[in-house]
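Heads up, the thing below is written out as structure tokens.
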Amino acid sequence: MSTLTEPETIGELIADCADLPAELHACASTPATPKAAPHWTVDERCHAQVAELDAYV
């Protein structure tokens with residue numbers, strides 16, 4: 001594995017990935033639980049940003 005150059009073939013990429021430490025492989029096999037997006041509403045400030053968009057376009 002070379003950290004100085006990007007892999008140029010799929011074989012080089014696979015070889016680079018195979019050289020990763022085992023503890024990183026364990027992290028990759030455990031999918032992260034996505035967090036819920038915070039509640040969002042359109043307020044006056046947000047609406048004002050696009051109020052004249054139709055006239056602009």
Side-chain angles (χ1 to χ4, degrees):
M1 180 173 92
S2 173
T3 58
L4 301 177
T5 60
E6 294 290 324
E8 294 182 9
T9 66
I10 191 70
E12 289 177 0
L13 180 60
I14 292 169
D16 285 353
C17 292
D19 287 340
L20 292 174
E23 58 269 9
L24 293 178
H25 288 283
C27 293
S29 65
T30 306
T33 304
K35 296 180 183 177
H39 183 70
W40 180 77
T41 58
V42 177
D43 58 12
E44 290 299 319
R45 182 174 152 251
C46 183
H47 184 269
Q49 291 179 341
V50 295
E52 303 298 322
L53 185 60
D54 289 334
Y56 178 76
V57 176

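- Minimum interatomic distance between E12 and E6 (heavy atoms only, all atoms of both residues): OE1-O, 4.4 Å.
- Residues satisfying the side-chain contact (heavy atoms from CB on, under 4.5 Å) test with I14, not counting sequence neighbours, are I10.
- Considering only residues two or more places apart in sequence or on other chains, H47 meets the side-chain contact (heavy atoms from CB on, under 4.5 Å) condition with V42, A51.
- Considering all non-hydrogen atoms of both residues, P7 and L13 come closest at CB-N, 3.6 Å.
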